[in-house]
Amino acid sequence: MLARRKHLYFAMMGTCVFLFVMAWAVVRLWSVPAAVGLCLFAMVIPPVAAVVANRRGPDDRWWDDPSGDPKSDEWWDELDGKRREGPRDPWGRD
């Protein structure tokens, strides 16, 4: 999932750079307003690429990552209905 987002991000950013270079190396020779329009279009690509690259997919379960606080992780596991190793009862009567 991450590799696909990374590839899409670099493809979008490569397209952005290509549009800027083409606008001022080639298109401006025929039409400056078209080159400016091309740059305005290319200007929108980087924020969209950042959103696409940081989007979480349905299989990315970032909320399940342990926080580092054992008490908090135990509490969230209990809320999610997950079973941890060892007794569930704090007094071992399980």
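Basis for what follows: all heavy atoms, side chains included, without hydrogens, waters or symmetry-related copies. As the structure is a prediction and not an experimental result, all values here were calculated from the model.
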Discussion item. Working to the nearest 0.5 angstrom, can you tell me the gap between T15 OG1 and M13 CE?
Written reply: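 Here the interatomic distance stands at 10.0 Å.
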
Discussion item. To the closest 0.5 Å, what do you measure between CD1 (I45) and CZ (F20)?
Written reply: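 Reported to 0.5 Å precision, the distance equals 8.0 Å.
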
Where is the tightest heavy-atom contact between [X] and [Y], given as atom of each residue plus distance?
X	Y	result
C16	A42	SG-O, 3.3 Å
A23	A35	O-CB, 3.3 Å
R5	A53	NE-O, 3.1 Å
P47	V44	CD-O, 3.2 Å

Answer with yes or no whether the hydrophobic clustering places [X] together with [Y]; edges join I, L, V, M, F, W, Y residues whose side-chain heavy atoms lie under 4.5 Å apart.
X	Y	result
V48	L8	yes
V32	M43	yes
M22	W30	yes

Worksheet item: Checking side chain to side chain contact (heavy atoms under 4.5 Å, CB included) against W24, which of L29, V36, L19 comes through?
Response: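 Only one option passes, and that is V36.
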
